[in-house]
Chemist: 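Once you've had a glance at the structure underneath, I'll fire off some questions.
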Amino acid sequence: MAIIIIIAVVAVIAIIWVVVYNGLVKSRMLTQEAWSQIDVQLKRRNDLIPNLVNTVKGYADFEKSTLQAVTDARASVNNAQGPAATMAASDQLTGALSHLFAVAEAYPDLKASTSFNKLQEELTNTENKIAYSRQLFNTTTASYNTKLQSFPSNIIAGIHHFEPSEFIVVPENEKEVPTVKF
């Protein structure tokens with residue numbers, strides 16, 4: 001009788017172990033999938049930028065430093081290693097694109113260009129998708145990291161060397177409230 005009880009306890013512990021381990025693996029995969037969605041949107045944006053730069057180059061003496069900043073920021077995104085570095089480079093690219101669109105206001109022919117307007121709209125849509133994907137990533141990261149710290153999954157996570165995921169944070173300079181003057 002004692003052997004049956006021992007076997008039953010071991011079986012229950014094994015089942016709990018497998019369920020918790022599989023839950024950790026699933027959470028880790030969801031976090032990786034969420035990062036992949038960000039990566040897909042960053043690639044889409046990077047693919048649109050050369051078309052935008054070429055469209056802008058076709059109009060007058062557009063500021064070369066602005067175009068160079070966009071091109072350099074795009075290269076930084078392509079060369080970044082890891083989520084934190086990629087998002088930092090992506091934030092720089094977003095700033096460079098914002099400056100490009102602001103400078104474009106001074107060129108009426110460019111503003112009237114259907115190619116430029118279409119690319120600007122596609123980039124805006126892609127930026128919105130990146131923002132949503134960042135939120136999803138942080139949500140899945142929170143869920144995964146919570147499992148890593150909760151009992152009993154923290155024990156199983158430690159034994160199997162599960163590593164926590166880093167959140168994507170907003171850079172300090174983007175937290176500043178903009179000044180609006182009329």
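From a predicted model like this one, the values you see are computed outputs, not experimental measurements. Values reported hereafter were calculated over all heavy atoms of this structure, with side chains retained and with hydrogens, waters and symmetry mates removed.
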Chemist: Is the number of heavy atoms from other residues, nucleotides or ligands within 6.0 Å of OH (Tyr132) greater than 12?
Modeler: no
Chemist: To the nearest 0.5 Å, what is the distance between CZ (Phe137) and CE (Met87)?
Modeler: 9.5 Å
Chemist: Which pair of heavy atoms, one from His160 and one from Trp17, lies closest together, and at what distance?
Modeler: NE2-NE1, 3.2 Å
Chemist: Verify the cluster assignment for Met29 and Ile156: are they in a single hydrophobic cluster under the rule of side-chain heavy atoms below 4.5 Å apart?
Modeler: yes
Chemist: Rounded to the nearest 0.5 Å, what separation is found between the CG atom of Leu123 and the OG1 atom of Thr94?
Modeler: 9.5 Å
Chemist: What's the shortest heavy-atom distance between Ala80 and Ala89, and which atoms?
Modeler: CB-CB, 4.4 Å
Chemist: Using every non-hydrogen atom in the two residues, find where Val70 and Leu93 come nearest and quote the distance to one decimal.
Modeler: O-CD1, 3.7 Å
Chemist: Trp35 versus Thr141: any side-chain heavy-atom pair under 4.5 Å?
Modeler: no
Chemist: Could you please spell out the steps behind the side chain to side chain contact (heavy atoms under 4.5 Å, CB included) verdict for Ile38 and Ile168?
Modeler: CA-CA 11 Å; Ile38 293 171; Ile168 297 173; 3.4 Å; yes
Chemist: Are Leu52 and Leu67 connected in a single hydrophobic cluster, I mean Ile/Leu/Val/Met/Phe/Trp/Tyr linked by side-chain heavy atoms less than 4.5 Å apart?
Modeler: yes
Chemist: Once you round to the nearest 0.5 Å, how far does OG1 of Thr140 lie from CD of Gln37?
Modeler: 10.5 Å
Chemist: Scan Ser165, Ser143, Pro83, Ser36 and name whichever one has a side-chain contact (heavy atoms from CB on, under 4.5 Å) with Thr31.
Modeler: Ser165
Chemist: Should we say atom CD1 of Ile159 is surrounded by more than 12 heavy atoms from elsewhere, each under 6.0 Å from it?
Modeler: yes
Chemist: Evaluate the criterion side chain to side chain donor-acceptor pair (under 3.5 Å) for residue pair Gln149 and Asn145; output intermediate values, then yes/no.
Modeler: CA-CA 6 Å; Gln149 297 174 13; Asn145 288 347; over 6 Å; no
Chemist: Following the transitive rule for hydrophobic clusters with a side-chain heavy-atom cut-off under 4.5 Å over Ile, Leu, Val, Met, Phe, Trp and Tyr, establish whether Val56 and Phe101 coincide in one cluster.
Modeler: yes
Chemist: Say whether Val77 and Ile130 are linked into one hydrophobic cluster, either directly or through other cluster members, by side-chain heavy-atom distances under 4.5 angstrom.
Modeler: no
Chemist: Is there a donor-acceptor pair closer than 3.5 Å between any side-chain N or O of Asn138 and the backbone N or O of Phe167?
Modeler: no
Chemist: With Gln68, which of Thr66, Thr71, Asp72 fulfils side-chain hydrogen bond (donor to acceptor under 3.5 Å, both in side chains)?
Modeler: Asp72
Chemist: Rounded to the nearest 0.5 Å, what separation is found between the CG atom of Leu48 and the OG1 atom of Thr126?
Modeler: 5.5 Å
Chemist: Would you call Ile49 and Leu97 a side-chain contact if the rule is heavy atoms closer than 4.5 Å?
Modeler: yes
Chemist: Indicate yes or no: does Glu122 engage Arg45 in a salt bridge with an N to O separation below 4.0 Å.
Modeler: no
Chemist: Any side-chain heavy-atom pair from Arg74 and Pro50 closer than 4.5 angstrom?
Modeler: yes
Chemist: For Tyr21 together with Phe162, are the ring centres under 6.0 Å from each other?
Modeler: yes
Chemist: Quick one: do Lys43 and Asp47 make a salt bridge, cutoff under 4.0 Å?
Modeler: yes
Chemist: For residues Ser153 and Lys147, is any side-chain donor paired with an opposing acceptor at under 3.5 Å?
Modeler: no
Chemist: Would a hydrophobic clustering, with Ile, Leu, Val, Met, Phe, Trp and Tyr connected at side-chain separations under 4.5 Å, put Ile4 with Val9?
Modeler: no
Chemist: Identify the heavy atoms of Leu148 and Pro164 that sit nearest to each other, and give their distance.
Modeler: CD1-CA, 3.4 Å
Chemist: From Gln41 CD over to Arg134 CZ, what is the distance, rounded to the nearest 0.5 angstrom?
Modeler: 13.0 Å
Chemist: Output the distance between atom OG1 (Thr55) and atom CD (Gln120), rounded to the nearest 0.5 Å.
Modeler: 11.5 Å
